[in-house]
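Labels below follow one simple rule: chain letters A, B, ... track the order of the sequence lines, proteins then strands, and each chain is numbered from 1.
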Amino acid sequence: MPVRVGYGTPAHWALRALGVLVVAYLALSPMFRDLTPSEFGELTDIAVLALAALSLNLLIGFTGQISIGHSAFFGIGAYTLAILVADHGWSPGWTYPVAAVVCFVVGVLVGIPALRLKGLYLALVTLALAQIFPALVRKLEDLTGGSQGIGGLSYDAPGWTGLESGRQGRSEWMYWLALGTLAVSYLLVRNLVRSRVGRAMVAVRDNSTAAAVMGVHVAFTKTVVFGLSAALAGLAGCTFALRQTQTTPENVYLTILGAIVFLVIMVVGGAGSLMGPVVGAVVYYRVDQLSRELPDKSWLPESFRDFLVGRPNLATLVFAILLILLMFVAPFGLVGLAKRIGRRLVLVIPRAPTAAPDAPLEPTEVPAEAAEVEAL
Amino acid sequence: MERFLQYLFDGISQGSIYALLALGLVIIYRGSGHLNFAQGEMAMISAFLAWWYADLGLSPWLAVLVSAASAFVVAMAIERFVIRPIGQRSPFAVVVAAIGLFLGFNALAPFAWKVTIPEAFEALFPNKADDFVRIGGAEWRDQYIGVLAVLLITSAVLYVIFQRTKFGLAMRAVASNPESSPLVGIRTGQVLAVSWGLAAAVGAIGGAMVASLRGNVDASMMFTIFFAATAAATLGGYDSLFGAVFGGLVLGVFENMMAGYQPDLIGQELKGVVSLLVILVVLLIRPSGLFGSQRVERV
């Protein structure tokens, strides 16, 4: 029998505050620990992947539009930063808004023909986009440096941060930058999803015909959300370019496999849940890392280690199987699964709906079944 | 004129491969309305199977046929045990599962056979320097003619299956009205499983053709081709088998002409842009494609 907690009661606020504190501690704890630059680098990568997956979640999880081409927007963001920094001498910080706007515009332009229509057309167009982006980069050699790419990107910690200069300070600054972009994007998505536009998005996802009948401008909503999603993916690409100190079309995250990795992270974490992409990114990154180290682990049987030698992609294979299994047991990913388990322990009873001021006030009772659906 | 014919011949052979992949996409889409994103990777893994069978001692053509048969069985199992149960949940889940298959097959090839560099694949057609027919000054290489012949034979076999057999009739019935066909005694599940099997077998033949033309097998060999095949199927219409063949050939020729006559603007590198433009134009003007049927949705 789960513990019942009323929405908005002190107990409920305490639970929420606890959740926020745990997340904040996990995100900010690097401040108190002595991490090496490469450890900060790993955390930066996780934050970048989380932001890329968050951008997809806005589009897929909340609006039901499937993109298999977010690697292209990730790449456009990375290249916008690289070109402005390397060729025009901009400070990297100022390129972020430019990259977001460029990605938004490209997203809207590409989305217009595909988003008018129902079905998988957006998936087709974005697949095409992911496929031609690296080719386009190689072709536009004057602008992008072709296959060589653009190198020498770095962002020293500004003086006001008080971080030391050099590699240590730079890697710490990269992490705070990635975390900051992620946090701002998270809040943006959270507020958007809870607003009028957010309700329109969910309506489009669940039944676009019904949404249109209720007065939602379906094509407009889809196009704007696609543009926003592209912009967030572009921001992730910016930090990624700085972290790599270069951009090349060979990089796997700029190809279609990158787009699929973002999708895997989003789905494994939890489509349509705000924390899903973050959880997914941590799990994906750590499992991938572990799988690379497996052949050297002494606790594994000798025969299994011998089997693994010379066989790449173990993690990819595991995630492919996990993706399919999740569709059977937990379509809403790890966070969805955690919520389902959490609901057995703590049940949040939503506030009873209040009547309009001039209507006679009557005590309303929320049926237990309805409460179960609404909880969390 | 000579140049024109040369681009035409090269385009037709490239288009034949697009058509083989597009046929598989259409066969699956007609039955269930699912777009199989793993079609290209299934063809890739089948090509690896053909390479492996040939390595075990089968003659090259027999290896291709056995790999197509293996693909048929595996794809039927995938439909039955993965796609169908997931499809009852939501269409989105099917897309995710198909992407999982894409990723899984792509990772499986290097994992299973320990290959990280392309492995040599024995050519299925005569491929010496002088193996070509000269028409109007242009050279039509034997292997290119061979690929076209394989496409025509495959299409003919599919035509017979769909139009002249009872099972084909059942498949067409399911395509045109999935709700009513069980009422007249058609086993819809069986039909869908066989659709997946057929699509994978046709894809396996396509994969073997690609491997034969490239002279090797590689995990990333189908990326561009699969994406061009989606453009071909969009152009032809997602529920028309004839449209898939037509769309594939037209796209192949069009792409080659654009690349050939505009070497600076497009060239070999940006052939993909032509496919993207074809998809965008079709979606803007005629979303159901040239030969597809317009679908009316009831609310």
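- To the nearest 0.5 Å, atoms OH (A/Tyr121) and CG (B/Leu35) are separated by 10.0 Å.
- Each of A/Gly64, A/Pro113, A/Ala130 has some count of heavy-atom pairs under 4.5 Å with chain B, and the biggest count is that of A/Pro113.
- Taking A/Leu325, A/Val264, A/Ile321, A/Leu257 one by one and counting their heavy-atom pairs under 4.5 Å with chain B, the maximum is reached by A/Leu257.
- Of the two parts of B/Val95, only the side chain, counted from C-beta on, holds a non-hydrogen atom closer than 4.5 Å to a non-hydrogen atom of chain A.
- Of the atoms belonging to B/Leu108, heavy atoms from both backbone and side chain fall under 4.5 Å from chain A.
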Q.
Determine whether A/Leu124 and B/Tyr238 satisfy the following criterion, side-chain contact (heavy atoms from CB on, under 4.5 Å), listing intermediate values before the conclusion.
A. CA-CA 12 Å; A/Leu124 280 182; B/Tyr238 262 93; 3.6 Å; yes
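- For a residue to count as touching a neighbouring chain, one of its non-hydrogen atoms must lie under 4.5 Å from one of that chain's; by this rule A/Val125 touches chain B with backbone and side chain alike.
- For the options B/Thr234, B/Leu103, B/Asn106, heavy-atom pairs under 4.5 Å to chain A are most numerous at B/Leu103.
- The choice from A/Ile66, A/Thr255, A/Ile60 that makes the most heavy-atom pairs within less than 4.5 Å of chain B is A/Ile66.
- Looking at B/Thr224, the atoms closer than 4.5 Å to chain A (heavy atoms on both sides) sit in the backbone and in the side chain alike.
- The minimum heavy-atom distance linking A/Ala128 with B/Ile279 is given by the pair CB-CD1, 4.3 Å.
- The backbone N or O of B/Glu269 sits nowhere less than 3.5 Å from a side-chain atom of A/Arg138 that would complete a donor-acceptor pair.
- The environment of A/Phe332 atom CZ is sparse: at most 12 non-hydrogen atoms of other residues, nucleotides or ligands sit within 6.0 angstrom.
- With a 6.0 Å radius and a threshold of 12 heavy atoms from other residues, nucleotides or ligands, A/Glu250 has its CD atom above the threshold.
- Here the closest heavy-atom approach between residue B/Phe223 and residue A/Gln131 is recorded as O-NE2, 3.5 Å.
- Heavy-atom distances place no part of B/Ser220 under 4.5 Å from chain A, backbone and side chain included.
- Interface residue B/Leu284: backbone and side-chain heavy atoms are both found under 4.5 Å from chain A.
- Taking both residues in full, the closest heavy atoms of B/Ala107 and A/Thr316 are given as CB-CB, 3.7 Å, listed atom of the first, atom of the second, then distance.
- Taking chain A as the reference chain and counting heavy-atom pairs below 4.5 Å, the highest number among B/Val94, B/Leu280, B/Val96 is found for B/Val96.
- Between atom CZ of residue A/Arg311 and atom CH2 of residue B/Trp113 there is a gap of 11.0 Å, rounded to the nearest 0.5 Å.
- Atoms CD1 and CG, on A/Ile132 and B/Leu276 in that order, are 4.5 Å from each other to the nearest 0.5 Å.
- Looking at B/Ala228, there are no atoms closer than 4.5 Å to chain A (heavy atoms on both sides), in backbone or side chain.
- When the shell of 6.0 Å around CZ of B/Phe254 is examined, it contains 12 or fewer heavy atoms from other residues, nucleotides or ligands.
- We find the NZ-CG distance between A/Lys139 and B/Asp264 to be 6.5 Å, quoted to the nearest 0.5 Å.
- Residue A/Leu317 touches chain B through both its backbone and its side chain, counting heavy-atom pairs closer than 4.5 Å.
- Atom CZ in A/Phe328 sits 4.0 Å away from atom CD1 in B/Ile86 (nearest 0.5 Å).
- The candidate from B/Phe92, B/Phe226, B/Phe105 with the greatest count of non-hydrogen atom pairs under 4.5 Å with chain A is B/Phe92.
- Note: A/Ile68 leads A/Leu326, A/Ile68, A/Ile256 in heavy-atom pairs under 4.5 Å with chain B.
- If you measure heavy-atom distances from B/Leu265 to chain A, the contacts under 4.5 Å come from the backbone alone.
- Considering every non-hydrogen atom in both B/Gly100 and A/Ala320, the closest pair reads O-CB, 3.3 Å.
- Using a 4.5 Å cut-off between heavy atoms, B/Ile83 does not touch chain A at all.
- Heavy-atom distances place the side chain of B/Phe102, and not its backbone, under 4.5 Å from chain A.
- How far CZ of B/Phe37 is from CG of A/Leu127: 6.5 Å, rounded to the nearest 0.5 Å.
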